[in-house]
Amino acid sequence: DITDAVSQTYGDNGVYLVTLRAEDDDGGVTVETFTVTVNNVVPTVPALEDRTLFEGDALDLSLDIDDPGSDDILVVWSFGYSGFTDEVRLYLNDPSVGVDPYPSPEYNPRHIIDSIHQVYGDNGVFNVSVTVMDDDGAVVSDSFVLTVLNVLPDFELPSELDLNEGDYLNLTLDISDPGSDDIRVTVDWDYAGFDNFEALYLNNASIGADPYPSPEYNPRSIEQFVSRQYGDNGLFNVTVTVTDDDGGVVTKVLQLTVHNVAPLLSDVDDGAGGSEPGDDVTVSGSLTVRI
């Protein structure tokens, strides 16, 4: 009475015929057969959690995928926006032979780390999904909600500035926005006689006003020069407003002091052909003074 134990791990699903042969030293032989049915196991992925980013930030994510079978693994990512191409990756069980044959019961359990990097250039709410399939048709899918928040545009503006009347106020505004947004620039000169300055910079001039959302990555960098001459002294609050197409508004105020300039006695005409500096001048007739 002999007890014999054997062990064999099958790395792929299928139906296998196992043959047991027993032979004694007198030539007696007994053969028994039975079938082993190995069922496929679905790949496993960790649960995906909702995330929040700011526009211009990248979605960076690594996914651990496990499969006890010696299978090819197909991974498909969809980023929730028609303008982004799905990312498709195939991880072969044995790259040296290409697509995995059926069955391939050698034991080669799969552990795959799949990573993605996708930059969202505009705010919005996106449904990001992943589908994982093995070469035996088992599929597992998961998804999460990605919320991308708007970021305000930014620029620098001095808080105070002094000029003399007759001088020009010259400003160069360096405007930045990490989002792929339309940018509107407005300057209020704080005087009813001056028209406000306005300029609109489209994210994509070929299509006009920017649609919502437009998450292709196109960070804005704009240099805007403005100039205005002030002909009289006074105190003026020059207001610069920059607005993006998602409602983000940044307003900054420059306190401009324009100083009076005293009149200048520049020339005296005695009507007799002029004079040299230092000469005594006797004025008769008319006197013209230019100020």
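Worth saying up front: this structure is predicted, and the values here are computed from it rather than measured. We count residues from 1, following the sequence as given.
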Run the numbers on S176 and S221 for side-chain hydrogen bond (donor to acceptor under 3.5 Å, both in side chains), then give the verdict. CA-CA 5 Å; S176 62; S221 179; over 6 Å; no
Candidate pair D71 and D136, rule side-chain contact (heavy atoms from CB on, under 4.5 Å), full reasoning: CA-CA 8 Å; D71 296 331; D136 299 309; 3.1 Å; yes
Can you list the steps and then say if I65 with L63 is a side-chain contact (heavy atoms from CB on, under 4.5 Å)? CA-CA 6 Å; I65 303 168; L63 189 68; 4.1 Å; yes
Residues E156, D174; criterion side-chain contact (heavy atoms from CB on, under 4.5 Å); working and verdict: CA-CA 7 Å; E156 295 296 327; D174 291 319; over 6 Å; no
Is there a side-chain contact (heavy atoms from CB on, under 4.5 Å) between L200 and L202 once you walk through the steps? CA-CA 6 Å; L200 175 63; L202 296 174; 3.9 Å; yes
Show your working on salt bridge (Lys or Arg N to Asp or Glu O under 4.0 Å) between K252 and D154 and close with a plain yes or no. CA-CA 10 Å; K252 297 183 181 182; D154 193 23; 3.5 Å; yes
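Here the straight-line distance linking atom CD of E106 with atom OG1 of T9 works out to 12.5 Å at 0.5 Å rounding. Once rounded to the nearest 0.5 Å, the distance linking CZ of F155 with CG of L171 reads 10.0 Å. Here the CG-CG distance, from N260 to D232, works out to 7.0 Å after rounding to the nearest 0.5 Å. One finds the CD atom of E55 at 6.5 Å from the CG atom of D244 (value rounded to the nearest 0.5 Å). Taken to the nearest 0.5 Å, the CZ atom of R51 stands 12.5 Å off from the OG1 atom of T147. Atoms CD1 and CZ, from I175 and R220 in turn, are 10.0 Å apart once rounded to the nearest 0.5 Å.
Hydrophobic clustering of Ile, Leu, Val, Met, Phe, Trp and Tyr side chains at less than 4.5 Å, counting indirect connections, unites F197 with I183. Grouping the Ile, Leu, Val, Met, Phe, Trp and Tyr side chains by contacts below 4.5 angstrom, directly or via other members, places I116 with Y120. Cluster membership check: Y217 does not share its hydrophobic cluster with L53, using side-chain heavy-atom separations under 4.5 Å among Ile, Leu, Val, Met, Phe, Trp and Tyr. Hydrophobic clustering (ILVMFWY, side-chain heavy atoms < 4.5 Å, transitive): V187 and L163 are in one cluster. Under the 4.5 Å side-chain heavy-atom criterion for grouping Ile, Leu, Val, Met, Phe, Trp and Tyr, V42 is not connected to L74 through any hydrophobic cluster.
At distances below 3.5 Å, at least one donor-acceptor pair connects side-chain atoms of D50 with backbone N or O atoms of V145. At least one donor-acceptor pair under 3.5 Å links the side chain of D190 to the backbone N or O of N237. Formation of a donor-acceptor pair under 3.5 Å by the R184 side chain with backbone atoms of D245 is not found in this model. Looking only at distances, no side-chain donor or acceptor of D188 sits under 3.5 Å from a matching main-chain atom of N196. Under a 3.5 Å cut-off, the side chain of Q118 and the backbone N or O of L59 do not form any donor-acceptor pair. Between the side chain of D135 and the backbone N or O of D72, at least one donor-acceptor pair lies under 3.5 Å. Between the side chain of D246 and the main chain of G248, no donor-acceptor pair closer than 3.5 Å is present. When atom types are taken as modelled, the side chain of E23 and the backbone of V29 share no donor-acceptor pair closer than 3.5 angstrom. Side-chain N or O atoms of D12 include none that pairs as donor or acceptor with a backbone N or O of P103 at under 3.5 Å.
Put simply, the residue from W189, Y230, F236 that forms a ring-ring contact (aromatic ring centres under 6.0 Å, His included) with F194 is Y230. Each of L48, V140, L61 was scored for a side chain to side chain contact (heavy atoms under 4.5 Å, CB included) with V130, with one residue passing: L48.
Looking at heavy atoms from C-beta onward, P215 lies out of side-chain contact with V148 at the 4.5 angstrom threshold. W77 is listed as a side-chain neighbour of D114, based on a closest heavy-atom distance under 4.5 Å. Side-chain contact between D181 and N203 is absent, with no heavy-atom pair separated by less than 4.5 Å. A 4.5 Å side-chain heavy-atom check between Y168 and Q229 finds at least one atom pair inside the cut-off. Between L254 and L169, some side-chain heavy-atom pair lies under the 4.5 Å cut-off.
L92 and G98 make their closest contact through CD2-O, 3.7 Å (heavy atoms, listed as atom of the first residue, atom of the second, distance). In terms of heavy-atom proximity, T172 sits nearest to E223 at CG2-CG, 3.6 Å. Closest non-hydrogen pair, A47 versus D142, comes out as CA-OD2, 3.4 Å. Residue S141 comes nearest to V139 through the heavy atom pair OG-CG1, 4.1 Å, listed as atom of the first residue, atom of the second, then distance. Taking each heavy atom of V36 and F34 in turn, the nearest pair found is CG2-CE1, 3.6 Å. Heavy atoms only, all atoms of each residue included: I73 and P43 are closest at CD1-CG, 4.3 Å.
In the displayed structure, F54 atom CZ is contacted under 6.0 Å by at most 12 heavy atoms of other residues, nucleotides or ligands. Residue Y212 qualifies as enclosed at atom OH: its count of foreign heavy atoms under 6.0 Å is above 12. Around atom CZ of F225, more than 12 heavy atoms belonging to other residues, nucleotides or ligands sit under 6.0 Å away.
Side chains of S180 and D122: no donor on one and acceptor on the other come within 3.5 Å. Judged purely by distance below 3.5 Å, without hydrogens or angles, the side chains of T33 and T19 never pair a donor atom with an acceptor atom. No hydrogens or angles considered: nothing links the side chains of N233 and H259 as a donor-acceptor pair under 3.5 Å. At a cut-off of 3.5 Å, with distance as the only test, a side-chain donor of Q224 or Y201 sits close to an acceptor on the other residue. In this structure, a donor-acceptor pair under 3.5 Å is present between the side chains of S62 and S115.
In this structure, F84 and F79 have perpendicular ring planes: the angle between them is above 60°, well past the 30° mark.
A salt bridge is absent between R228 and D195; no separation between the charged side-chain nitrogens and carboxylate oxygens falls under 4.0 Å.
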